[in-house]
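Notes for the one structure printed next.
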2 protein chains.
Amino acid sequence: MNVRVYQGLSLGEYREVLEKAVREHKLVLVLTTCSVDYEGRGASTLGEGERVIIIKRDWAFLIHRPNGYSPVNWQPQSSVIDFEVEGGLLVIKAVRSRPREIVTVRASDVSLVVVADMSDKAEFVEYVSEHEIRDLIARNPSIIGEELKITSIEKPVEPGFVDLYGIDSNNRIVVIELKRVTATKEAVNQLHRYVVAVKKSLGRRDVRGILVAPSITKSALEYLERLGLEYKQLNLKQLRRILEEEKKTKSEKKSGANLLEFFRKR
Amino acid sequence: MNVRVYQGLSLGEYREVLEKAVREHKLVLVLTTCSVDYEGRGASTLGEGERVIIIKRDWAFLIHRPNGYSPVNWQPQSSVIDFEVEGGLLVIKAVRSRPREIVTVRASDVSLVVVADMSDKAEFVEYVSEHEIRDLIARNPSIIGEELKITSIEKPVEPGFVDLYGIDSNNRIVVIELKRVTATKEAVNQLHRYVVAVKKSLGRRDVRGILVAPSITKSALEYLERLGLEYKQLNLKQLRRILEEEKKTKSEKKSGANLLEFFRKR
DNA sequence: GGCTAAATCTCGTGC
DNA sequence: GCACGAGGTTTAGCC
C-alpha cells in the first residue's frame with residue numbers, strides 16, 4: 001500500500017494535494033476542523049468541530065464525528081468533489097446529481113491529510129441471510145415442524161411476494177412469511193395481506209398463514225392470533241448448524257443448483 | 001487537534017500504540033492489509049485486502065473498503081476492543097455484548113496508524129424531517145387543501161401511531177399518514193391498518209384515510225383507491241418555504257425576547 | 001429494555 | 001430508471 005501523509009501545509013497547498021488525489025481516485029482521509037451544511041432530500045447544518053472526512057476511490061464521501069457508528073453527513077457516491085479556498089477557509093463541495101444533493105464542508109483548519117493507493121479485490125461472503133433460511137426451509141419444511149409440500153418460493157401475489165407457498169398434509173394452502181429477526185406487527189400485517197390476497201384470488205377460505213421467525217413481540221403475537229394466523233418459532237442455532245453441514249457437503253459435491261430458479265421454472 | 005502518525009513499526013509496536021490509544025478513548029485510524037470475520041446476528045467472512053479501520057472515541061468500530069458508502073464490517077459500539085499479535089498477525093477483536101457479536105480482524109500488514117485527540121461539541125440541526133412537516137400541517141391543515149381540525153398528533157391506535165388525526169368539515173373522522181418521500185404500498189398498508197383500527201374502535205364507518213406524500217408509486221395509488229383511501233400530494237418546496245419563513249419569524253421573536261431579558265437585567 | 005417507525009436510510013434485484 | 005424489500009440495518013422516541 002502506497003501511503004502519503006501531509007501535515008503543516010497551507011490551505012492552498014492542501015487544496016492542491018486533495019484535488020489531485022481525488023482526481024486520481026485515491027483513497028483520502030482528512031482530519032479537519034470544519035462546519036458542514038447539507039441540502040437535498042433533507043437539510044442540515046453542523047457547527048464547527050473536529051472531524052474525519054473519508055473520500056473513497058469511487059468518490060463516496062463520509063464525514064465522521066469522533067463518536068458513533070453513523071457519519072454525520074455523507075454522499076453515497078458523489079458526481080463532483082470540488083475544493084476551493086475562499087475567505088481563509090478550505091471549502092469542499094460534494095455533489096450528487098440524482099437526487100440533487102450537496103454537502104458543503106467549510107474547513108478552518110486541516111490537521112492531517114492521508115492519501116493512499118488501496119486495493120481490495122477480496123470476496124465478501126455473508127451467510128444466515130433470509131434468503132438462505134428461506135431456501136433451507138423450502139428444502140426441508142419439517143424444520144418448522146410442519147408436514148408441508150413447498151410449491152413456490154417468492155410467489156407473486158397482488159400486494160407483493162410470498163416467501164414460501166405450499167400445501168399441508170390436509171391439502172390446505174399455506175402461506176409463509178419469514179423473518180430472520182424478531183417479528184413485529186409489520187410482519188404480521190405483511191402476512192395478513194398475502195393471506196387475504198391468496199384467499200381472494202383462489203376463492204378459497206382454507207388458507208393458512210404462518211409467520212416464521214426466531215421470536216415475536218407480544219403485541220404482534222396477539223394481533224396475529226386475532227387475525228387467525230399462526231406463529232412458528234425458528235431455531236436459528238439449529239438452522240446454522242444445518243447450513244454449516246450442508247455447506248460442507250456442498251463444497252464436496254460442488255453442486256451449483258439455484259433453488260429459486262428451479263422453483264420459478266416449474 | 002493533537003495528531004500522531006505512526007509508520008514502519010513492528011506489529012508488536014503497533015499493538016502497543018493501538019492498545020494505549022483505545023484505552024485512552026482517542027480516535028484511531030488504521031490503514032491495513034487484513035481479513036475479517038464476523039459472527040453474531042448474521043455471519044460473514046472477508047478475504048485479505050487493503051482497508052481503513054476507524055475506531056472512534058466511544059469504541060464504535062468501522063471497517064471500510066476503498067469503495068462505497070457502507071462499512072463492510074462494523075460494531076456500532078464495542079464493549080471490548082482487544083489487540084493481540086498471534087502467528088505473525090495483528091489480531092483485533094471488537095466485541096459487542098447485546099446482541100453478542102464479534103468482529104475479528106487479522107492484519108498481516110499495517111501501513112499507517114493515526115491517533116488523534118478530537119473534540120466536537122457542535123450542534124447538529126436537521127430539518128425538513130417528517131416531524132417538522134407533521135407539525136406544520138397540524139398547525140395549518142389547509143396546506144393539504146382540506147378544511148380539517150387536527151385533534152391529535154401521533155395518536156396511539158391498536159396497531160401503531162396515527163401521524164395526524166382530526167375531523168373534517170362534514171364531521172367525519174380523518175386519519176392521516178404522512179411520508180416525506182414517495183409513498184409505496186407499505187405506506188398505503190400502514191394507513192389502511194390505522195383506518196381499520198379506528199373504525200373498529202369507534203364503531204363508525206365514516207372514517208377517511210388520507211395518505212399525504214410528495215409522490216406515490218402507480219401501484220400504490222391503485223391499491224389505495226381500491227381500499228377506498230385518499231391521496232393528497234404534498235408540495236415540499238412550498239413547505240420548505242413556509243418553514244423557512246416561520247424559522248425567521250421565530251428567531252426574530254427569540255432575539256426579541258433575549259433583548260427583553262437583556263434590558264430587564266440592566 | 002422492549003416496541004414502534006423514520007431515515008439525506010443504503011443496497012441489491014427485478015422489470 | 002423505478003419499484004420493492006432486506007438489512008448484522010441504525011437511531012430516536014416513548015413507555
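Keep in mind it's a predicted model, so treat the numbers as computed, not measured.
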Exercise. If the C1' atom of C:dA7 is compared with that of D:dG5, how far apart are they to the nearest Å?
Worked result: 15 Å

For this session: Between D:dC4 and D:dG8, how far apart are the P atoms? Round to whole Å, please.
Result: 22 Å

Problem set entry | Side chain of A:Thr217 (C-beta onward), nearest among C:dC3, D:dG8, C:dA7 | C:dC3

Exercise. According to a strict under-4.0 Å criterion, is A:Lys185 in side-chain N/O contact with OP1 or OP2 of C:dA5?
Worked result: no

Exercise. Is any side-chain N or O of A:Gln190 closer than 4.0 Å to OP1 or OP2 of D:dG5?
Worked result: no

Problem set entry | Proximity to the side chain of A:Arg41 - top-ranked nucleotide from C:dA7, C:dC9, D:dG8 | C:dC9

For this session: Assess whether atom CZ of B:Arg98 is packed by more than 12 heavy atoms of other residues, nucleotides or ligands within 6.0 Å.
Result: no

Exercise. Roughly how far, to the nearest 0.5 Å, is the CD atom of A:Glu126 from the OH atom of B:Tyr38?
Worked result: 8.5 Å

Exercise. Which nucleotide, C:dA6, C:dT10, C:dA7, lies nearest any side-chain atom of A:Arg96?
Worked result: C:dT10

Exercise. Can B:Trp74 be called stacked on D:dG8 when the rule is centres closer than 5.5 Å and an angle between planes below 30°?
Worked result: yes

Seminar exercise, completed: Taken to the nearest whole Å, NE2/B:His131 to P/D:dG13 is 7 Å

Exercise. Considering only the C1' atoms, how many Å lie between D:dC14 and C:dT8, rounded to the nearest integer?
Worked result: 24 Å

Problem set entry | B:Arg65 and A:Asp120 ion-paired at < 4.0 Å | yes

Exercise. Touch check for B:Tyr194, heavy atoms < 4.0 angstrom, all strands: base, sugar-phosphate only, or nothing?
Worked result: sugar-phosphate

Problem set entry | Nucleotide nearest A:Ser44 when distance is taken to its side chain, options C:dA5, C:dT8, D:dG5 | C:dT8

Problem set entry | Check: B:His25 ring centre within less than 6.0 Å of B:Trp59 ring centre | yes

For this session: Among C:dA6, C:dA5, C:dT8, find the nucleotide with the atom closest to the side chain of A:Glu186.
Result: C:dA5

Seminar exercise, completed: To the nearest angstrom, the CG-C1' distance between B:Leu178 and C:dA5 comes to 13 Å

For this session: Using a cut-off of strictly less than 4.0 Å, decide whether B:Thr184 has a side-chain nitrogen or oxygen near OP1 or OP2 of D:dA3.
Result: no

For this session: Consider the side chain of A:Arg98, meaning its heavy atoms from C-beta on, and name the nucleotide among D:dG1, C:dA7, C:dT10 that approaches it most closely.
Result: D:dG1

Exercise. Between the base of D:dG13 and the side chain of B:Glu154, is there a donor-acceptor distance below 3.5 Å?
Worked result: no

For this session: Please determine, for the side chain of B:Tyr69, which listed nucleotide (C:dC3, D:dA6, C:dC11) has the closest atom?
Result: C:dC11

Seminar exercise, completed: Regarding the side chain of A:Arg193, the nearest nucleotide among C:dT4, D:dA6, D:dG5 is D:dG5

For this session: With the side chain counted from C-beta on, respond yes when A:Gln77 and B:Tyr69 share a heavy-atom pair under 4.5 Å apart, and no when they do not.
Result: no

Exercise. Counting side-chain heavy atoms from C-beta on, which of C:dA5, C:dA6, C:dC3 comes nearest to A:Ser219?
Worked result: C:dC3

For this session: Would you please confirm or rule out a distance under 4.0 Å between OP1 or OP2 of C:dG2 and any side-chain N or O of A:Lys218?
Result: no

